[in-house]
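Written below as structure tokens is the structure these notes are about.
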Protein chains: 2
Amino acid sequence: MSIMPLRMAEIVSKATIRDVARTAGVSVGSVSRALNGGKNVSVRVARDVAAAAEKLGYQPDFQARSLRTRTTGMVGCLVSDVANPLYASIVQAAEARLREAGLLMVVANTANDPARERAMVAAFRGRRLDGMLVAPGSDENDRAWRELAAGGAPVVILDRDVPHEEDRPWPAVLVDHREGARTATRYLIGLGHRRIALLTPGARMRPGRERIAGFKAAFAEADIDPTGALVCLQESSMDFAQGDALALLRRSQRPTAIIALGTRILAGALRAARDLGLSVPRDLSVISVGDTDLAAVHTPAITALRWSLEDVGRAAAELLLQRLRGTGEGQSRALLPVDLVLRESCVPPTAK
Amino acid sequence: MSIMPLRMAEIVSKATIRDVARTAGVSVGSVSRALNGGKNVSVRVARDVAAAAEKLGYQPDFQARSLRTRTTGMVGCLVSDVANPLYASIVQAAEARLREAGLLMVVANTANDPARERAMVAAFRGRRLDGMLVAPGSDENDRAWRELAAGGAPVVILDRDVPHEEDRPWPAVLVDHREGARTATRYLIGLGHRRIALLTPGARMRPGRERIAGFKAAFAEADIDPTGALVCLQESSMDFAQGDALALLRRSQRPTAIIALGTRILAGALRAARDLGLSVPRDLSVISVGDTDLAAVHTPAITALRWSLEDVGRAAAELLLQRLRGTGEGQSRALLPVDLVLRESCVPPTAK
DNA sequence: GGTTGAATTGGAAACGTTTCCACATTGCGG
DNA sequence: CCGCAATGTGGAAACGTTTCCAATTCAACC
């Protein structure tokens, strides 16, 4: 144990390609070719270089390589908050796929702040990251997306509609929130509900917009009184959701069913219901948008719209890798399905 | 919109420091000094350089700078799974602090696989990351920690006990799981419970070990039958936890209280209880280790051990920044407190 | 006005790669 | 036996910075 520090100092070894060249008795160019290309190197050189590299514990310096090759082996990932389970799983899956391909992933949280978004895009570009996965905080942040495009590095958009020039939509992984919301709403209408509230973050972003569209579409196609379709835009904070949900459930004509985004908002809504003494599902049917632990384990178990976050991350990584390799443009957009997982939180409304 | 592509091509601008030098009519050295040092540059040069840089939209190339300065402005973060809420919040908070300091964060998931851990440490080192935040998957993975040390770059350990040489403990952020578990256990014992089960991931890692120690300490100090202290080691998978919990709760002498890690395991335990028709807290008192949404929103709300994941992340980032700046070694370890948040899930056991 | 020292400045040498280019060396067909 | 293509090889030029060093300017002080 005592000699450890010395050995470590050795291992840190600044062994450079020049050292390898010297001990192998060849030129640096040959070493580089032997180690990378493999093309145009004699067996003798290959052997000697390998031996020398091994002996010296040579580790190529990515920084230097990057400078020369203009490629960093790193991609950026820009989301509002990696601690949000919705993003965490996406990030996790994307990282897994990218690592397989030998890439590192840089993450940054934007808190949906456009200025910060721009700053991080600039930072990514300054670091010459090879590409990026981005979930912009708003679909309208004009300046941000222009800067996005300016980088030259491929970008894949996560579940957003970023304005694009006519013929070149952004590569993107999208979730079919519209169809999901429509299915859920149709299901509730089928159970007899006529006053249904949709609690979702604002229409600033695609998921919210699509959900609202699907929600309304279900009412329209059922040909019932559309004033029963209550859209409540939310910030994604639990406290706020709870306050809003309380107000909603105190109305004289309170909704008999709620569809709530399953992160913080669902929690707030359930708390509100509990605080008002409303029993789920007897007094209030509930559908979670997104299948979280909370939804699955809650008593009663909450019926939920489910889509695979892992698939989103994986597909995004795949799309990005495609671009990076430049192998045929291939598919440019993926639309992932949403399923309704039936559980115990929805029943026909009690006649009143 | 049609001229956009051209403008973008311009913005991509390979404007290099040489260009700036030329248009400013000074040498590259002066540009570098003007832009960075600020020291020893005349106002004239400073002005001209600033103007030229502005005009050309000059963005320094971090890669090149890194090569020269041997510093990348990036730190690595190695955890088993960023999608685990326990880590997600830590990562989020650490990233926030590091970004403030102008650093980017690279994340990688190890899935607690020692080989992968080593590979990622090597990758980080090859990329010359300035430092790293690491939560090793095991406290015993000898080889990994040696390689850790070998890098020369500072490392901060997240809530683990990594073997160290006598006089140089690793900088680390630790959570006082022992005291937390002891408090929780004491509380249950105080309520009258005598058979209590602790469901936590194995003793391979510090948090589990410490919790078990605290759990047993509470029994010891209460001077009651220690066979009532049931330690159930778990993998952190919900299904597995549920199966185990089922077996546990079916015992003839089933525990009257459970302390369960609040991620997947708590969910599994609650499901198991529900499946067996056991009511919380009447038939079973429950304490969650870690205060998650699930614990807070569950009906009944689950009493929980709480510590601040944000503080862990922030403190870790702070410790790392300290090392990076080399400003006085300062504190090398942080021990964060754990509180017991009383809710509705614990009552005295029903006489039986 | 010359001397000195500080403040600025330009030029060039790193940093560690990859890649281009020119040159040897080979093998082969004519 | 003579080109000639194919193959391997070494040397050097990038890549875009920072930083060292020597040279120049400038002011101030004797």
Side-chain angles (χ1 to χ4, degrees), chain A residues 12-50 52-53 56-74 102 123 125-130 152-153, chain B residues 12-50 52-53 56-74 102 123 125-130 152-153:
Chain A
V12 173
S13 85
K14 300 299 187 191
T16 161
I17 198 176
R18 228 174 297 270
D19 301 327
V20 179
R22 195 170 335 110
T23 67
V26 299
S27 74
V28 290
S30 296
V31 175
S32 177
R33 277 186 300 260
L35 259 28
N36 305 320
K39 208 52 197 164
N40 272 4
V41 316
S42 66
V43 289
R44 184 186 64 81
V45 169
R47 174 170 42 77
D48 292 357
V49 166
L56 298 175
Y58 170 67
Q59 298 278 75
D61 182 332
F62 277 75
Q63 295 298 331
R65 186 197 306 240
S66 295
L67 179 57
R68 184 63 227 238
T69 62
R70 322 259 50 164
T71 159
T72 56
M74 302 194 279
R125 198 163 58 213
R127 254 86 170 196
R128 293 228 138 83
L129 300 197
D130 293 343
Chain B
V12 172
S13 86
K14 300 298 189 192
T16 160
I17 198 175
R18 227 175 298 271
D19 301 327
V20 178
R22 195 169 337 109
T23 67
V26 299
S27 74
V28 290
S30 296
V31 175
S32 177
R33 275 186 300 259
L35 259 29
N36 304 319
K39 208 51 196 164
N40 274 3
V41 315
S42 66
V43 289
R44 185 186 64 80
V45 169
R47 174 169 41 77
D48 292 358
V49 165
L56 297 174
Y58 169 66
Q59 298 279 75
D61 183 331
F62 277 76
Q63 296 297 331
R65 186 199 306 243
S66 294
L67 179 57
R68 183 63 226 239
T69 62
R70 320 259 51 163
T71 161
T72 55
M74 301 194 278
R125 198 161 58 213
R127 254 86 169 197
R128 293 228 137 81
L129 301 199
D130 293 343

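The structure presented is a predicted model; accordingly, all values stated were derived computationally and were not measured. Letters A, B, ... mirror the listed sequences (proteins, then strands); counts begin at 1.
Distance CG (A/Leu67) to P (C/dA14): 17 Å, rounded to an integer number of Å. Atom CZ in A/Arg128 sits about 9 Å away from atom C1' in D/dC15, given to the nearest Å. Put simply, CZ on A/Arg44 is 14 Å from C1' on C/dT26, counting in whole angstrom units. Between the CZ atom of B/Arg18 and the C1' atom of D/dT18 there is a distance of 12 Å, rounded to whole Å. Computed from coordinates, the A/Arg127 CZ to D/dT17 P distance equals 14 Å when rounded to whole Å. In this structure, the CG atom of B/Leu35 is 16 Å from the P atom of D/dG16, given to the nearest Å. A/Asp19 places its CG atom 13 Å from the C1' atom of C/dT17, with the value rounded to the nearest Å. When the P atom of D/dC15 is taken as reference, atom CD1 of A/Ile17 falls 19 Å away, rounded to whole Å.
Ranking C/dT9, D/dT17, C/dG16 by closeness to the B/Ser42 side chain, first place goes to C/dT9. In this structure, of D/dG10, C/dT8, D/dG16, it is D/dG10 that holds the atom nearest to the side chain of A/Arg33. When the nucleotides D/dT18, C/dG10, D/dG11 are ranked by their closest atom to the side chain of B/Ser27, C/dG10 comes out on top. Checked against C/dT9, C/dT17, D/dT9, the side chain of A/Asp61 finds its nearest nucleotide in C/dT17.
Donor-acceptor pairing under 3.5 Å, judged by distance alone, is absent between the side chain of A/Arg68 and the base of D/dG16.
Counting all heavy atoms, side chain and backbone alike, A/Arg70 lies closest to A/Arg128 at NH2-NH1, 2.9 Å. Of all non-hydrogen atoms in A/Val31 and A/Ile17, the two that sit nearest each other are CG1-CG1, 3.5 Å. Between A/Ala64 and B/Leu67, the shortest heavy-atom contact is CB-CD1, 3.7 Å. In plain terms, the two heavy atoms of B/Ala153 and B/Asp130 that are nearest each other are CB-O, 3.4 Å.
In terms of phosphate contacts, B/Asn40 brings no side-chain nitrogen or oxygen within less than 4.0 Å of OP1 or OP2 of C/dA7. For C/dT9, the OP1/OP2 oxygens have no side-chain nitrogen or oxygen of B/Ser30 closer than 4.0 Å. Residue A/Arg65 places at least one side-chain N or O under 4.0 Å from the OP1 or OP2 atom of C/dT18. Contact annotation: B/Asn36 side-chain N/O to D/dT18 OP1/OP2 distance is under 4.0 Å. Regarding contacts with the backbone of D/dT17, every side-chain N or O of B/Ser66 stays at 4.0 angstrom or more from both OP1 and OP2. The shortest distance between the side-chain N/O atoms of A/Arg70 and the OP1/OP2 oxygens of D/dG16 is below 4.0 Å.
In terms of position along DNA chain C, the nucleotide closest to B/Gly29 lies nearer the 5' end than the nucleotide closest to the other residue of the pair B/Thr69 and B/Gly29. For the pair B/Ala64 and B/Val28, both in contact range of DNA chain C, the more 5′-proximal nearest nucleotide belongs to B/Val28.
Within the nucleic acid shown, B/Ser32 comes within 4.0 Å of at least one base atom, counting heavy atoms only.
The main-chain N or O of A/Ala52 is never found under 3.5 Å from a side-chain atom of A/Thr23 such that the two would form a donor-acceptor pair. For A/Arg127 (side chain) and B/Gly73 (main-chain N/O), a donor-acceptor pair under 3.5 Å exists by modelled atom type.
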